[in-house]
Amino acid sequence: MAEQQSGPDLDAAFFIRWLIACAAAVERDAAHLTDLDAAIGDADHGSNLQRGFRAVAEVLTKEVPATPGAVLTLAGRQLISTVGGASGPLYGTLLRRTGKALGDAAGTDRAGLADALGAGVAAVAQLGGAKAGDKTMLDALEPAVEALSTGYAEAARAASEGAEATTPLQARKGRASYLGERSVGHQDPGATSAALLVTTLAETAEAGA
Amino acid sequence: MAEQQSGPDLDAAFFIRWLIACAAAVERDAAHLTDLDAAIGDADHGSNLQRGFRAVAEVLTKEVPATPGAVLTLAGRQLISTVGGASGPLYGTLLRRTGKALGDAAGTDRAGLADALGAGVAAVAQLGGAKAGDKTMLDALEPAVEALSTGYAEAARAASEGAEATTPLQARKGRASYLGERSVGHQDPGATSAALLVTTLAETAEAGA
Amino acid sequence: MKMLINVPETVVADALRGMAAAHPDLSVDVDNRVVVRRDAPVAGKVGLVSGGGSGHEPLHGGFVGPGMLSAACPGEVFTSPVPDQMVRAAAAVDSGAGVLFIVKNYTGDVLNFDMAAELAEDEGIQVAKVLVNDDVAVTDSLFTAGRRGTGATLFVEKLAGAAAEEGMPLERVEAIGRQVNESSRSFGVALTAVSTPSKGSPTFDLPEGELELGIGIHGEPGRERRAMMTSREIADFAVAAVLDDLRPSRPVIALVNGMGATPLLELYGFNAEVQRVLGERGISVARTLVGNYVTSLDMAGCSVSLCEVDEDLLRLWDAPVETPALRWGR
Amino acid sequence: MKMLINVPETVVADALRGMAAAHPDLSVDVDNRVVVRRDAPVAGKVGLVSGGGSGHEPLHGGFVGPGMLSAACPGEVFTSPVPDQMVRAAAAVDSGAGVLFIVKNYTGDVLNFDMAAELAEDEGIQVAKVLVNDDVAVTDSLFTAGRRGTGATLFVEKLAGAAAEEGMPLERVEAIGRQVNESSRSFGVALTAVSTPSKGSPTFDLPEGELELGIGIHGEPGRERRAMMTSREIADFAVAAVLDDLRPSRPVIALVNGMGATPLLELYGFNAEVQRVLGERGISVARTLVGNYVTSLDMAGCSVSLCEVDEDLLRLWDAPVETPALRWGR
Ligand SMILES: Nc1ncnc2c1ncn2[C@@H]1O[C@H](COP(=O)(O)OP(=O)(O)O)[C@@H](O)[C@H]1O
Ligand SMILES: Nc1ncnc2c1ncn2[C@@H]1O[C@H](COP(=O)(O)OP(=O)(O)O)[C@@H](O)[C@H]1O
Ligand SMILES: [Mg+2]
Ligand SMILES: [Mg+2]
Ligand SMILES: [Mg+2]
Ligand SMILES: [Mg+2]
């Protein structure tokens, strides 16, 4: 594994690479995400993100924003306009608010990204009214933000562990909450996709290093 | 097997016994008749006859007509009023016209019944416009009438053979005709129920002998 | 197959009680199984009576009301009603102007309505009959039972119903009914087999990757089984089958009908394909109706019916209708 | 599971093209996924906009027209539409009198409509919102997403729609929508699981001898699985669940709704049982609607919705409505 530094190495191109890699990862895992959603939701999470990240990848081949902040806000707007469902506004807000927090700097570093992502995750929590332990994407995102100050790989591991830890939980937010106790024993689809995006971030960072 | 005589042994009570035995036989074979109808028709022949013969059995516990002719016309009217479908008017007409042909005599014998049944079967042929070989109840009824001049057991055997002989035929009348060539290879439900009624006639005659 | 029923024996009676509760504009005789518009007989108006096996809802009971049927006779599931019902219905709706029986061409329906016509005439009711036989999937010949009556029944009931409502005499109403039938053709496709309450399981086996072309509305298998097709391919096939037989030179009314279990979302999508084919063939579509109108219990699938219309028929189509399942105009 | 479609990706767009062809009274923007009544904006009238995932047809597009919705925004199957659609719909129907968003209580719908409301207000459109959350199967608490919006959506759209058509101002229309929601409760039952086009197979496994009680309209499993029940038992259970929560002291409007694949014959029979239970409980039923109105694609099953009404609401219910799926009055 490449040694991780927190230098100012993350430019607009890095975030574009990351989002395009996310689109590929979502494409690959869409059926799995939909199956997870079928168990405790409405069987659309995979196709929702597929639609959204295809649109993100497409817009990024046409427009090439100059700053990380602009890349992320554009991608976030795109998710909001194409995904729908719960995950559209939530992931859209995550990227938009992270992007806004990055401002119009030409680049950032891991520490800066961790801060900005923290703002994005906080916005998700505020928008959806959920908190850690409610069996949502936050169960992957919050530990990931915290671990990102240590390193990319740590963030990916924390997100994956957070996603897996949703299995024994009873859902308190989102569609799975309708199931009450029957939501126990299934991994949350949104937490799973969140872990996928963070893992892809780590892979992108590692490949670029 | 009891020796068959063509003496004047068939009174109203005989026909009542026969029809009640028919009701029991239909009850027993209803699912089979419906399954045959499912293959080349609309899966209701068994329940149609069940409904009809239950009504016949019921009316015969309330009204006890004095003559064979009156028993059969009452039963025929009852079938017409309760069965519906193709088999209701056809079997209803069979019994009514057979009954009418018997007139108001207090009894009849096998030869008299064979004649009257011949009139009934002719009325069925006229009403439905079918003829032997069209894969209908006529394929059992016509040989049965002919064999009845020889004996009850012969009539039953002829009816059953006639029913079985419908299997390789392509239907030209009734619902099975919609299937064209796909009707080949299935035994006709109406011919099967006709054989059942004739077999029950033979059993009733034998039991009474 | 699971059903929302009590026992198979009471399915039709239960449904009639439920209809009565839902539609105060109808007078429903549950014991005798006759559904009559409440204001019947309407003075001077020809009565329209139809009926057939149950399981095709909303046909026929859902089409009783001003502008369409005067009465309907529901039989057992997929079984023609009995003459007693039809005679009772005729008596209930006859104002002296006579009664038209609209009969789908099935041996059972034909025989029972024929018997009923004789009995009604004995009671002094003037009766005319229109036979509906629109299904091009069935080879019509002297040596078969002929074509089945399917989707075009709706056309005949609506257009003859409007004619009767306008006060036309029996011969005219009958002639219009006949004209509508002759101007109409249908073709149906099944994606799944139907389960009747009395059988309780599918009447035939239709595996996942296959469909039946040329099915009727009684769970009979179709004329041909093929590998599953797309909506586009099904529309191409069904419309071609209808047009090969109808060859309309005037505009048509299109009924894109669901067999019961196909979601409306899919039916609308299928309609887009039907309209595409009709456009490619240069057929002008005057009106379109999409929905579950002539169904086959829980069967998934669809049928396409076309009725070639002149201005008179189009006016009758647009005339007000006020029934549980078809309502428009004012 | 076989479907009458081309490819899953185009299901919604295909259906919108088919709707456009069938309903010339609607203006259907297929690319932007907005269904608008043709005469919108109607001067001085409050606009009513609803929407949600597709797969519940005729909800919502089938309820667009005079006396009901001004516009509908169909999302992907079972997925809330996006804010862009709602903003476009609001702009198309706003006459200056403001727009009411009718939102079923799902996280996705709520978030997207909230975003849309903000954006529409930025464009100078006055927006009010009514949340529909009638499903008593879901425990309502601060720590859950709350009750789902299901059958009562029809009540809210019809009654608020009639209020808007009468020319009531936005606050009144909103207040009526809220009152209707508070006066309504629903409970649903599934006999089979649903298959979405993108998944292509049932979203959960529901074996032959069992049913799910307390299901929603998105193929979610219910709250409880039981051995198969009769129509009578299901009615007892569902009506009790609704009445335990609603406890009406006035007459109710009853919606006996099919989930999509349950034959109308069975639904009418089920209605008879629902009316029986209501009678036994001493509830007076002012109006009854039986049919497939708020569906879940190819799911077999039903739901019962009750709305307690006063004279004003009953008048609004009887007021004319002219949409593809609901039409009456003159
Ligand atoms: N209030 C919420 N806060 C955070 N995340 C949520 C919330 N509600 C739902 N989610 C996440 O969204 C995921 C579902 O997304 P998706 O299936 O695309 O949308 P929908 O539930 O509308 O079908 C859930 O698995 C969960 O992780
Ligand atoms: N035209 C006809 N003449 C004689 N028998 C006929 C005719 N049409 C149908 N049948 C008989 O009726 C049987 C079907 O009866 P049934 O299933 O009760 O009525 P339906 O076809 O109306 O459902 C067929 O198997 C056939 O034997
Ligand atoms: Mg989902
Ligand atoms: Mg049959
Ligand atoms: Mg039949
Ligand atoms: Mg969804």
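In what follows, chains carry the letters A, B, and so on, assigned in the order in which the sequence lines appear, proteins first and then strands, with residues in each chain numbered from 1.
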message: Given heavy-atom pairs under 4.5 angstrom as the criterion, report whether the side chain, backbone, both or neither of B:Ser81 touches chain C.
response: both
- prompt: In terms of heavy-atom contacts, does CD of B:Glu181 have more than 12 from other residues, nucleotides or ligands at under 6.0 Å?
  reply: no
B:Arg96, CZ atom: more than 12 neighbouring heavy atoms under 6.0 Å: no
- prompt: So which part of C:Gln85 gets closer than 4.5 Å to some heavy atom of chain B, the side chain, the backbone, both or neither?
  reply: neither
- request: Taking all non-hydrogen atoms of both residues into account, name the closest pair between B:Arg175 and C:Phe78 and its distance.
  value: NH2-O, 4.2 Å
task: Could you look at B:Ala171 and say if it's the side chain, the backbone, both or neither that has a heavy atom under 4.5 Å from chain C?
output: neither
field: CD/C:Glu118: more than 12 non-hydrogen atoms of other groups inside 6.0 Å
entry: no
query: With chain B, which of C:Asp84, C:Asp205, C:Val194 has the greatest number of heavy-atom pairs at distances under 4.5 Å?
result: C:Asp84
message: Set out, in order, the CA-CA distance, both residues' side-chain angles and the distance that settles side-chain contact (heavy atoms from CB on, under 4.5 Å) for C:His218 and B:Asp44, then state yes or no.
response: CA-CA 10 Å; C:His218 296 90; B:Asp44 63 358; over 6 Å; no
- request: Can you tell which part of C:Arg225 gets under 4.5 Å to a heavy atom of chain B, answering side chain, backbone, both or neither?
  value: both
- prompt: With a distance cut-off below 6.0 Å to the six-membered ring centre and an angular limit of 45° from the axis, does C:Arg223 pair with B:Tyr178 as a cation-pi contact?
  reply: no
query: Could you give the distance from OG1 (C:Thr79) to CG (B:Asp42), rounded to the nearest 0.5 Å?
result: 6.0 Å
query: Which value, rounded to the nearest 0.5 Å, describes the distance between C:Leu119 atom CG and B:Ile80 atom CD1?
result: 8.5 Å
query: Roughly how far apart are C:Ser80 OG and B:Asn48 CG, rounded to 0.5 Å?
result: 9.5 Å
task: Pick one of side chain, backbone, both or neither for C:Asn112, based on which atoms fall under 4.5 Å of a heavy atom in chain B.
output: both
query: Which answer fits C:Val82, side chain, backbone, both or neither, if we ask what part of it has an atom under 4.5 Å from a heavy atom of chain B?
result: both
- prompt: Contact part of B:Ser87 toward chain C, heavy-atom cut-off under 4.5 Å: side chain, backbone, both or neither?
  reply: neither
- prompt: Looking at C:Glu76, C:Glu9, C:Met115, C:Arg148, which one has more heavy-atom pairs under 4.5 Å with chain B than the rest?
  reply: C:Arg148
Selection from C:Ala137, C:Gly219, C:Pro83 maximising heavy-atom pairs under 4.5 Å formed with chain B: C:Pro83
- prompt: Do other residues, nucleotides or ligands put more than 12 heavy atoms under 6.0 Å from the CD atom of B:Gln126?
  reply: no
task: Can you tell which part of C:Val77 gets under 4.5 Å to a heavy atom of chain B, answering side chain, backbone, both or neither?
output: backbone
message: Can you confirm whether B:Asp104 is buried at CG, in the sense that more than 12 heavy atoms of other residues, nucleotides or ligands lie under 6.0 Å from that atom?
response: no
field: Over 12 non-hydrogen atoms of neighbours within 6.0 angstrom of CZ in C:Arg88
entry: no
- request: Go through B:Gly92, B:Gly88, B:Gly128, B:Gly85 and name the one with the most non-hydrogen pairs under 4.5 angstrom from chain C.
  value: B:Gly85
query: Do you know which two heavy atoms are closest between C:Ser198 and B:Ala43, and how far apart they sit?
result: OG-O, 4.0 Å
query: Among B:Gly41, B:Gly84, B:Ser47, who wins on heavy-atom pairs under 4.5 Å with chain C?
result: B:Gly84
statement: Comparing C:Leu111, C:Thr107, C:Val138 against chain B, the one with the most heavy-atom pairs below 4.5 Å turns out to be C:Leu111
query: Does B:Asp37 come within less than 4.0 Å of C:Lys199, counting only side-chain N to carboxylate O?
result: no
- prompt: Taking atom CD of B:Glu146 as the centre, does the number of heavy atoms from other residues, nucleotides or ligands within less than 6.0 Å exceed 12?
  reply: no
